[in-house]
Amino acid sequence: MNDEIFLDASGIAKSFVIGKHRIDVLKGVGLQVKRGEWVALLGASGSGKTTLLDIIGTISRPDSGSLVCDGRDLTKLHQRELVTFRRRNIGFVFQAYHMLPELNICENVMLPALMEDRPKSEVKAQALALLERVGLGHRVNHRASELSGGEQQRAAIARALMNSPRLMLADEPTGNLDSVTGSGILDLFKEFHAEGKMTIVMVTHDLNVAKLADRMVELKDGLLA
C-alpha cells in the first residue's frame, strides 16, 4: 500500500438546527486516509458517522474545516465542480440500495457512466461484465423488485464501480442483510480492495465487520476517539 495521504479531512465541523435547538454533530474532526487504505468508521447511533461520510463524499458541505482529496481542497470547489469530481472519483454503497424501480438492474448499473457521455454500447458491456463479476449475470434484465436484498446490494456495488472510483464510501453496506448474505458482500469488498486500486472508508456499527479493514477509528461526542 502506498503511504501517500489520499484523503485529509481537517477540523471538520457540522451542526444542524432542529426547531429551536442547535445540534453540534461534528466538532472539528480530523481524519487522514492513505492511498489504497481501508478504514472502518465506528460509533454509536447518532455519533455523526453518516454525516462525516456525506461530507467526505461531497454530498454535504462542512460548516468549517478543509477536505483535501488527492491534493485538491474540495471545500473550495463550486457545486458544479464538486458534482463532476464526485461522479468521476467517488463510488457510493449505501445501506438502502437506491435502485430506480422503472429500470432493470443493468440499466441501473449503467447510469453513472452514461452521465459521462460515453458510448452506450461500451457502457453496457462494462455493466454486464461487472454484474457477471458480482454474480448477477443471470439477473441483468430483472427489476429491483424481483431481486433479494443481497442481490440489490451486489448490484449497487457494481454501479459504484462503473466509473472506476479511486475512493469507495460505504454506509452500513451489510446493515439490512442477514449474516450469510452480508458475508458475501464483504467478500466483494475484500476482493476489490485486494487489487490495490481503491481507497475505502466504511461506516459500520459491527466490530466484526470493522476488523476486516486495515484500520478502525471511532467517532464519539463529535470527535474521533
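Linking ILVMFWY residues whenever their side-chain heavy atoms come closer than 4.5 Å, directly or via other members, places I105 and L114 in the same cluster. Cluster membership for F192 and V39, using ILVMFWY side-chain heavy atoms within less than 4.5 angstrom, is not shared. At a threshold of 4.5 Å between side-chain heavy atoms, the hydrophobic network of Ile, Leu, Val, Met, Phe, Trp and Tyr places L42 and L223 in two separate groups. Residue M99 is grouped with residue M110 when hydrophobic side chains (ILVMFWY) are merged at heavy-atom distances under 4.5 angstrom, including chains of intermediate members. Following chains of ILVMFWY side-chain contacts shorter than 4.5 Å, one cannot reach I59 starting from V93, and the two form parts of different hydrophobic clusters.
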Item to check | Working for side chain to side chain contact (heavy atoms under 4.5 Å, CB included), residues M162 and V123 | outcome: CA-CA 8 Å; M162 274 300 294; V123 171; 3.7 Å; yes
Item to check | Full working for side chain to side chain contact (heavy atoms under 4.5 Å, CB included) between M168 and L161 | outcome: CA-CA 8 Å; M168 177 71 82; L161 292 168; 3.7 Å; yes
Next on the checklist: Working note: R22 + D24, criterion salt bridge (charged side-chain N to carboxylate O under 4.0 Å, His left out); need CA distance, chi angles, decisive distance, verdict.
Outcome noted: CA-CA 6 Å; R22 175 190 172 97; D24 297 319; 3.1 Å; yes
Checklist entry - Can you list the steps and then say if L167 with N89 is a side chain to side chain contact (heavy atoms under 4.5 Å, CB included)? => result CA-CA 6 Å; L167 175 63; N89 295 280; 6.0 Å; no
Checklist entry - Going through the checks in order, is the side chain to side chain contact (heavy atoms under 4.5 Å, CB included) test met by V83 and R80? => result CA-CA 5 Å; V83 170; R80 182 173 292 181; 5.8 Å; no
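Between the R143 side chain and the E102 main chain, a donor and an acceptor come within less than 3.5 Å of each other. Formation of a donor-acceptor pair under 3.5 Å by the R154 side chain with backbone atoms of V134 is found in this model. A donor-acceptor pair is defined here as one N or O able to donate and one able to accept, closer than 3.5 Å; no such pair exists between the side chain of R139 and the backbone of L131. A donor-acceptor pair under 3.5 Å is absent between the side-chain atoms of E116 and the main chain of A113, judged by distance alone. Counting only distance, with no hydrogens or angles, the side chain of D63 and the backbone of S15 share a donor-acceptor pair below 3.5 Å.
Between R61 and L82 the shortest heavy-atom distance is NH2-CD1, 3.1 Å. Closest approach of P62 and T75 over heavy atoms only: CG-CG2, 3.9 Å. Here the closest non-hydrogen pair linking V203 and K49 is CG1-CE, 3.5 Å. Across all non-hydrogen atoms, the minimal contact from G36 to H193 is O-NE2, 3.0 Å. Minimum interatomic distance between I12 and L26 (heavy atoms only, all atoms of both residues): O-CB, 3.6 Å. Minimum heavy-atom separation, L7 to L67: CD1-CD1, 3.7 Å.
Taken to the nearest 0.5 Å, the NZ atom of K124 stands 14.5 Å off from the CD atom of E122. Separation of atoms CD (E151) and CG (L177) is listed at 11.0 Å; rounding is to 0.5 Å. To the nearest 0.5 angstrom, S60 atom OG is 10.5 Å from L52 atom CG. The line from CG of L212 to CZ of F189 is 11.0 Å long, rounded to the nearest 0.5 Å. Atom CZ of F92 sits about 15.0 Å away from atom CD1 of I157, to the nearest 0.5 Å. To the nearest 0.5 angstrom, I5 atom CD1 is 4.5 Å from Q32 atom CD.
Taking the six-membered ring where the residue is Trp, F94 and H98 present perpendicular rings, their angle passing 60° and hence far from 30°.
Using modelled atom types and a 3.5 Å distance limit, the side chains of R88 and N163 yield no donor-acceptor pair.
Each of L169, T204, L224 was checked for a side-chain contact (heavy atoms from CB on, under 4.5 Å) with L41, and the lone residue meeting it is L224. Shown are T50, D171, T174, N176; of these, the side-chain hydrogen bond (donor to acceptor under 3.5 Å, both in side chains) with Q95 is made only by N176.
The closest side-chain heavy-atom distance from L74 to V68 is not below 4.5 Å. I56 places a side-chain heavy atom less than 4.5 Å from the side chain of L31. The side-chain heavy atoms of I90 and P165, taken from C-beta on, include no pair separated by under 4.5 Å. Looking at E37 and F6, their side chains never come closer than 4.5 Å, going by heavy atoms from C-beta outward. L111 has its side chain within reach of L103: a pair of non-hydrogen atoms, C-beta onward, lies under 4.5 Å apart. Using a 4.5 Å heavy-atom threshold, the side chains of R35 and D70 count as touching. No side-chain heavy atom of R159 sits under 4.5 Å from any side-chain heavy atom of Y97. When side chains are defined from C-beta on, L130 counts as touching Q126, because their heavy atoms get closer than 4.5 Å.
Other residues, nucleotides and ligands place no more than 12 heavy atoms under 6.0 Å from the NE2 atom of H21. Within a 6.0 Å radius of CZ in R215, other residues, nucleotides and ligands contribute more than 12 heavy atoms.
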